[in-house]
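The structure displayed is predicted, hence computed values, not measured ones.
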Amino acid sequence: MGPLLSYAISSALMLLALYLTYKCLMAGDNQHRYNRAVLIGIYAVALLWPLMPQISLPATDPAAATDVTTVIDTLPIITDVPAPTSSPLWVKILLLTYLTGAGATLLLTLSFWWQLHRIVASGQKCSYKGYTLVITDRNVAPFSWLRYIIISRKDMEADISMILTHELSHLRHHHWADLLMAQAVIILQWFNPAAWLMRDELRIVHEYQADMSVLASGVNAREYQLMLIKKAVGKSFPALANSLNHSKLKKRITMMYKSKSGNARRMRSIALLPAALLAAAVVNIPAVASVIDNAQSCSLTSAESAGKVSDITEKKQTRTTTVTVSKNKEAEKVVVVNAGTIKKDTIKQAQKVTTVNVEDIDGEIMINGKKASKEELKNINPQSVENIAISKDGQMSITLKKDADTNNAPASKNIKKVVVVGASTMKKEDTGKTSERKVILDGSETELVIYANDKKITNEQLRKIKPEDIKSILVEKEKDVMRVTLKEGVEVPE
């Protein structure tokens with residue numbers, strides 16, 4: 001249910017921004033058919049935009065990346081994945097509250113539907129201009145629903161021609177479909193004031209359209225207004241039906257005397273575009289995006305019952321440290337990996353993994369503002385690194401965390417390279433699967449014991465293996481072992 005809450009929050013923010021723009025600029029115009037189309041369009045944009053794929057912008061200077069990184073052959077690597085973790089308590093409470101509210105709103109809607117069904121089922125029915133007229137003994141204001149016009153027996157004793165014309169207009173314009181859509185959005189976004197106010201806007205536009213249809217039939221405006229005032233009593237059904245006494249009479253009567261708005265007024269709807277862009281920007285604010293991401297991954301089930309975990313996920317996990325590399329004045333997320341695998345909770349996105357070998361660094365190395373040697377760099381514990389900055393001319397500047405120094409013992413005797421992970425396209429849920437990553441096929445840079453198809457091989461044999469012949473690579477840190485699995489039919493080189 002977490003993805004549903006995430007979707008509801010995202011679409012609610014868009015709906016709120018578009019509703020406020022409509023209310024400020026267009027709600028008072030006498031262009032009812034156009035306003036109705038705009039309101040339906042607002043619903044469509046708000047509901048569809050969270051489902052659209054996010055577009056990643058290309059790098060501004062892709063060639064500059066080669067100044068500090070080297071693209072290596074692409075190979076599938078089996079990565080260790082941590083056991084499922086439980087969602088934060090506040091997220092679970094938020095999800096539970098949302099589901100409770102949505103369930104209550106759904107039950108209320110079904111209750112209205114049942115009441116309407118009972119009135120239609122118990123009333124006297126007759127055909128009227130292609131629709132069904134239902135005469136009920138209940139004291140309700142005239143209303144229309146689906147293909148029914150419901151009117152009380154008491155109203156039938158008076159002149160009902162204006163009432164029937166009004167309700168027929170609702171049915172011919174299929175206003176009931178708009179209200180069903182609006183009610184569905186209210187169930188989804190019951191916490192969003194804009195969802196409720198949007199339904200009110202639709203209802204008032206419906207009444208404007210029906211009122212204009214009655215006046216266009218030749219009815220005297222004063223007589224019609226007097227009839228509306230008299231009928232402004234009785235029980236109505238605001239959730240699902242168009243009732244004669246739904247909307248505020250003062251607004252409706254005022255609109256009857258208002259001149260039709262010119263086409264130039266429609267240009268105001270252009271303001272909805274920057275409002276939509278603003279809502280999209282708000283969703284991408286880190287604090288808002290964090291709430292949405294937490295909601296997306298939230299589950300009310302416990303971590304233990306989340307499902308079986310494969311054997312490989314139960315093995316030890318490589319320790320990782322997340323740092324920031326400032327390259328060409330553009331920050332990128334990186335991960336310093338001790339032995340070659342990446343934890344799921346350490347990285348949310350990954351585009352490529354490239355390797356910068358310590359021995360290949362030509363520029364100066366600065367640690368906490370002091371010039372350092374390559375040997376000092378090798379002895380730094382990755383857990384002590386707070387920030388790494390690589391300038392365009394090749395100078396590497398490393399900032400250590402407080403209480404850390406350059407004499408920290410390395411976390412592993414095999415640390416001879418920094419694995420850089422660029423931030424772009426990989427989704428968080430994909431990091432637990434076998435994925436495409438960049439590696440160096442050169443055993444001389446490690447002290448690992450190498451096996452190919454469970455056969456011990458030398459570094460020279462490893463170099464003879466073609467990258468396209470490899471199915472997977474697994475690095476076992478504690479055993480200092482690299483296991484290479486070749487594709488079916490590929491022999492281990494001699």
Side-chain angles (χ1 to χ4, degrees), residues 27-36 39 112 115-116 118-120 122-180 182 199-261:
D29 293 346
N30 187 352
Q31 48 181 7
H32 313 312
R33 184 170 63 179
Y34 182 76
N35 280 6
R36 181 191 178 197
L39 289 171
F112 282 129
Q115 291 180 55
L116 290 171
R118 290 184 60 188
I119 291 176
V120 171
S122 62
Q124 178 184 345
K125 302 177 184 63
C126 60
S127 179
Y128 180 76
K129 295 186 178 182
Y131 298 94
T132 302
L133 179 64
V134 179
I135 303 172
T136 179
D137 293 328
R138 302 191 184 194
N139 181 28
V140 295
F143 67 93
S144 56
W145 177 60
L146 301 179
R147 297 189 60 81
Y148 302 102
I149 298 175
I150 295 89
I151 189 169
S152 68
R153 195 173 299 278
K154 180 179 178 180
D155 289 329
M156 284 293 295
E157 298 173 357
D159 183 8
I160 61 169
S161 59
M162 289 185 289
I163 296 176
L164 293 178
T165 302
H166 179 97
E167 300 304 332
L168 275 174
S169 177
H170 283 309
L171 296 181
R172 287 168 178 166
H173 286 96
H174 302 287
H175 288 162
W176 58 270
D178 296 356
L179 294 182
L180 283 179
R199 186 185 67 182
D200 292 342
E201 288 297 327
L202 267 179
R203 286 166 51 206
I204 191 67
V205 169
H206 292 169
E207 296 306 322
Y208 289 158
Q209 282 190 294
D211 291 341
M212 294 306 170
S213 296
V214 175
L215 297 180
S217 68
V219 172
N220 181 273
R222 290 187 178 275
E223 292 181 4
Y224 179 62
Q225 292 164 8
L226 181 61
M227 186 273 295
L228 290 178
I229 295 173
K230 290 180 179 179
K231 298 302 178 183
V233 293
K235 184 178 180 180
S236 62
F237 294 87
L240 301 172
N242 290 105
S243 179
L244 193 70
N245 66 347
H246 263 176
S247 303
K248 295 180 180 180
L249 288 178
K250 182 179 178 180
K251 285 186 176 181
R252 293 170 62 181
I253 293 173
T254 301
M255 187 59 71
M256 292 179 197
Y257 291 105
K258 193 170 185 177
S259 300
K260 187 173 180 62
S261 301

Heavy atoms of other groups near R118 CZ, more than 12 under 6.0 Å: no
Is the backbone N or O of Q225 less than 3.5 Å from a side-chain atom of R252, with the two atoms forming a donor-acceptor pair by type? no
Any idea which heavy atoms bring E167 and F143 closest together, and the distance? OE1-C, 3.5 Å
Run the side chain to side chain contact (heavy atoms under 4.5 Å, CB included) test on L164 and L133 for me, step by step, so that the C-alpha distance in whole Å, both residues' side-chain angles and the decisive distance to 0.1 Å come before the verdict. CA-CA 9 Å; L164 293 178; L133 179 64; 3.9 Å; yes
CZ of R172 to CD of Q209, rounded to nearest 0.5 Å, is 13.5 Å
Could you tell me the separation between the CE atom of M162 and the CG atom of D211, rounded to the nearest 0.5 Å? 11.5 Å
Scanning both residues in full, the closest heavy-atom pair of N30 with K260 reads O-CG, 3.5 Å
Taking only residues two or more places apart in sequence or in another chain, which ones pass side chain to side chain donor-acceptor pair (under 3.5 Å) with S152? D155
Closest heavy-atom contact between I160 and I151? CG2-CD1, 3.8 Å
Step by step, work out the side chain to side chain contact (heavy atoms under 4.5 Å, CB included) result for T165 and V219. CA-CA 10 Å; T165 302; V219 172; 5.9 Å; no
Heavy atoms of L215 and A221 approach each other most closely as CD2-CA, 3.7 Å
For V120, is there any backbone N or O sitting under 3.5 Å from a side-chain donor or acceptor partner on K125? yes
Before giving the answer on side chain to side chain contact (heavy atoms under 4.5 Å, CB included), spell out for I149 and K129 the whole-Å C-alpha distance, their side-chain angles and the decisive distance to 0.1 Å. CA-CA 11 Å; I149 298 175; K129 295 186 178 182; over 6 Å; no
Closest non-hydrogen atoms of A210 and S169, given as atom of the first, atom of the second and distance, are CA-OG, 3.4 Å
When rounded to the nearest 0.5 Å, the distance separating CD1 of I119 from CD1 of I150 is 7.5 Å
dist H174:NE2 -> R147:CZ (nearest 0.5 Å) comes out at 8.0 Å
Residues two or more places apart in sequence or in another chain: which of them pass ring pair (Phe, Tyr, Trp, His ring centres under 6.0 Å) with H206? H175
Whether over 12 other heavy atoms sit under 6.0 Å from Y148 OH: no
Are more than 12 heavy atoms, taken from residues, nucleotides or ligands other than K154, located less than 6.0 Å from that residue's NZ atom? no
Rounded to the nearest 0.5 Å, what separation is found between the OG atom of S261 and the CG atom of N35? 8.0 Å
Taking C-beta and beyond as the side chain, do H166 and Y224 meet within less than 4.5 Å on heavy atoms? yes
Shortest non-hydrogen contact from P142 toward I163: CB-CG2, 3.6 Å
Out of curiosity, W145 CH2 to L179 CG, how far, rounded to the nearest 0.5 Å? 12.5 Å
Side chain to side chain contact (heavy atoms under 4.5 Å, CB included) assessment of E207 paired with M255: CA-CA 10 Å; E207 296 306 322; M255 187 59 71; over 6 Å; no
